[in-house]
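Here is how names work: the chains are called A, B, and so on, in the same order as the sequence lines, proteins then strands, and each is numbered from 1. No hydrogens, no waters, no symmetry mates; every other heavy atom, side chains included, goes into these values.
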2 protein chains.
Amino acid sequence: MTETAHVLVVDDDPDIRDELQEYLTGHGFRVSTAEGGAAMHAVLEKEPVDLIIMDLKMPGESGLSLTSSVRKTSKAGVIILTGTGDDVDRVVGLEIGADDYIAKPCNLRELLARVRSVLRRTRGEGGAGLEVEAECLQFAGWTLDLSERRLTSPDSAEVPLTTGEFNMLEAFVTRPKRVLNRDQILDLTQGRDWSPYDRSIDNLISRLRQKIEADPKNPQIIKTVRGVGYLFTPAVSKK
Amino acid sequence: MTETAHVLVVDDDPDIRDELQEYLTGHGFRVSTAEGGAAMHAVLEKEPVDLIIMDLKMPGESGLSLTSSVRKTSKAGVIILTGTGDDVDRVVGLEIGADDYIAKPCNLRELLARVRSVLRRTRGEGGAGLEVEAECLQFAGWTLDLSERRLTSPDSAEVPLTTGEFNMLEAFVTRPKRVLNRDQILDLTQGRDWSPYDRSIDNLISRLRQKIEADPKNPQIIKTVRGVGYLFTPAVSKK
DNA sequence: AAGCCCTGCGACAAATTGATACAAATTCAT
DNA sequence: ATGAATTTGTATCAATTTGTCGCAGGGCTT
């Protein structure tokens, strides 16, 4: 995994360009911006880009057409920003070749998560991976589908998880057999800092256990390490 | 677990370098220090390093980029130190390939615990394995699963252990036939210092014996060495 | 054998965690 | 946009775990 992924933000609104540039730069990415198709192609020709964040609606040109033109020349992943009112549904964007999309006004943290997720997927794929590699992780009979964000029980029933529960389970599943303290968990799930007497993690742990532990009183999957944090014990395998 | 793991501290602040060096040396590690990337690489070329503790923010160079460059040439584990104020999401570190991270100002005991934890994981792993090998140790008919933190009795019943009891048993099982004094036990289980008249270890020993000794009055597994400490007598075999 | 020191362990207190209830916040649908 | 429903954080209390205290019992020294 590279230290400085190069992200290109394409949006006609300078405020949004600045906002995203500042935020993503602060999170360790190298960020370029472009206010339209011409500027975008200029950047693409000059230097390799790992990921493009593209506004769907820009004066004169559509993010969709830009996306498909990008696809022909670059291996960069694409995340599309859609306005709230836009009736364009996910499928259209994905069929054009976008890797993900997110609605405006966007939660920066969520955007960050998706940026990372797309980078993870697009990276290391030699060829043009139209197939979004379904990342399914299995543990103790359960299946966690990271791309669809679904959890399936050992008896093949889908168990609905809230956003918070899923994020937490994802954090654990991708770091099995390793004690995570509350600070880290909060960091991984919400990018928030932890302060003593914050019991929200304990609470979430409790809720998650109710859903995935056979006997929540004697947890076998997520064990607590008193005075430190929690530990996800099962072995995890890719499916 | 070996006492002479080689740890390399990379930080531009000499105070922190000294502090960590002194502390870790005092706990049985061999410690080198480096104030920047150049010095770090110099050490890495000269001698094998088991673990690197790296400051995230150093003038001129980022701990993140150093981490990924280390990854290419060395098998050393990496723990990243992040400043509290760092706007850079700490999570990035884990995705870059660090094995763990800890916030500054850091609790030395917690750091010690994490150092040991990472060493345990990175050691003996030939290739980069997502799945940590399941370590099951057997003694006197009992089975202690270190990764799932479970104890199974000779008649195949699971015996629940508290965090403290498990940590203590783990310390003994990984150091069989060897007298451990109270200072060492406390250090291994909690990274805490022992002071005379601290009877908490005696107490824990007593509780553990109740659970694993056939006759707690005549302990056969954990024997007392009067005036010194305790001794785990059974032979231990990997399963 | 007496006395001192160390250890075993029961009892209590402190600290940590689990779980429920409720309020705040967010999301969703209308 | 407004209200309902879901989700999430906080408060609270119960349960568990752990450290401290104290005394009894046994070993070692003199």
Side-chain angles (χ1 to χ4, degrees), chain A residues 84-85 87 102-110 149 151 159-169 171 179-183 185-186 189-213 215-231, chain B residues 109-110 149 151 159-169 171 179-183 185-186 189-213 215-231:
Chain A
T84 33
D87 246 3
I102 187 171
K104 283 194 296 189
C106 62
N107 179 323
L108 287 178
R109 291 200 185 288
E110 185 180 353
R149 298 181 75 84
L151 176 66
V159 176
L161 291 183
T162 68
T163 307
E165 289 163 357
F166 183 91
N167 288 343
M168 182 161 175
L169 187 54
V179 181
L180 298 177
N181 63 30
R182 293 175 176 75
D183 198 348
I185 295 174
L186 210 45
T189 54
Q190 322 195 354
R192 206 163 45 121
D193 270 340
W194 182 82
S195 44
Y197 305 118
D198 183 337
R199 305 289 310 286
S200 60
I201 291 297
D202 304 58
N203 205 248
L204 202 50
I205 287 276
S206 175
R207 284 169 178 145
L208 191 50
R209 276 175 174 162
Q210 302 292 333
K211 291 191 179 179
I212 68 174
E213 294 280 0
D215 176 13
K217 294 280 185 184
N218 276 58
Q220 294 300 308
I221 296 178
I222 300 177
K223 300 211 170 183
T224 103
V225 182
R226 172 178 256 254
V228 184
Y230 297 90
L231 171 67
Chain B
R109 306 198 180 292
E110 187 181 351
R149 299 180 75 89
L151 176 66
V159 176
L161 292 182
T162 68
T163 304
E165 289 162 357
F166 180 90
N167 287 343
M168 181 170 210
L169 187 53
V179 180
L180 299 177
N181 61 32
R182 294 177 175 75
D183 200 344
I185 296 174
L186 210 45
T189 55
Q190 322 197 353
R192 214 168 39 134
D193 274 338
W194 182 81
S195 43
Y197 305 118
D198 183 337
R199 307 291 310 287
S200 61
I201 291 297
D202 304 58
N203 214 259
L204 241 190
I205 288 277
S206 173
R207 284 166 179 147
L208 190 50
R209 278 174 174 161
Q210 302 293 330
K211 291 191 178 178
I212 68 174
E213 295 282 0
D215 176 13
K217 294 282 185 185
N218 277 57
Q220 295 300 309
I221 297 178
I222 301 178
K223 299 209 172 182
T224 303
V225 183
R226 188 185 173 83
V228 185
Y230 298 90
L231 170 66

Is the shortest side-chain N/O distance from [X] to OP1 or OP2 of [N] below 4.0 Å?
X      : N      : result
A:R209 : C:dG18 : yes
B:R182 : C:dT7  : yes
B:S200 : D:dT18 : no
A:Q190 : D:dT8  : no
A:T162 : D:dT7  : no
B:R192 : D:dG19 : yes

Check the distance between [N]'s [atom2] and [X]'s [atom1] and give it to me in whole angstrom.
X      : N      : atom1 : atom2 : result
B:N218 : D:dG25 : CG    : P     : 16 Å
B:K211 : C:dC9  : NZ    : C1'   : 16 Å
A:R199 : D:dG9  : CZ    : P     : 14 Å
A:Q210 : C:dA21 : CD    : P     : 12 Å
A:Y197 : D:dT12 : OH    : P     : 15 Å
B:K217 : D:dG26 : NZ    : C1'   : 12 Å
B:L204 : D:dT20 : CG    : P     : 11 Å
B:D202 : C:dG10 : CG    : C1'   : 14 Å

Inset, instruction - Taking all heavy atoms of B:I221 and all of B:I212, pick out the closest pair and write down the distance. - result: CD1-O, 3.6 Å
Legend entry - Shortest non-hydrogen separation from A:I185 to A:Y230 and the atoms involved: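 So the minimum-distance heavy-atom pair works out to CD1-CD1, 4.2 Å.
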Inset, instruction - Would you state whether a donor and an acceptor, one from the side chain of B:R207 and one from the base of C:dG10, lie under 3.5 Å apart? - result: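 Answer no: no donor N or O sits under 3.5 Å from an acceptor.
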Legend entry - Side-chain donor or acceptor of B:K211 paired with backbone N/O of B:V159 under 3.5 Å: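 Checked: no pair found.
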Legend entry - Backbone N/O of B:P216 and side chain of B:Q210: donor-acceptor pair under 3.5 Å: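 No; zero donor-acceptor contacts below 3.5 Å.
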Inset, instruction - Using only heavy-atom distances, determine whether the side chains of B:N218 and B:R209 contain a donor-acceptor pair under 3.5 Å. - result: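 There is no such pair (donor and acceptor under 3.5 Å, judged by atom type) between the side chains of B:N218 and B:R209.
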Inset, instruction - Measure from the side-chain heavy atoms of B:N203 and tell me the nearest of D:dT18, C:dT7, D:dC21. - result: D:dC21
Inset, instruction - Could you say whether A:Y230 or B:R226 is positioned toward the 5' end of DNA chain C, judged by the nucleotide with the nearest heavy atom to each? - result: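 The 5'-side residue here is B:R226.
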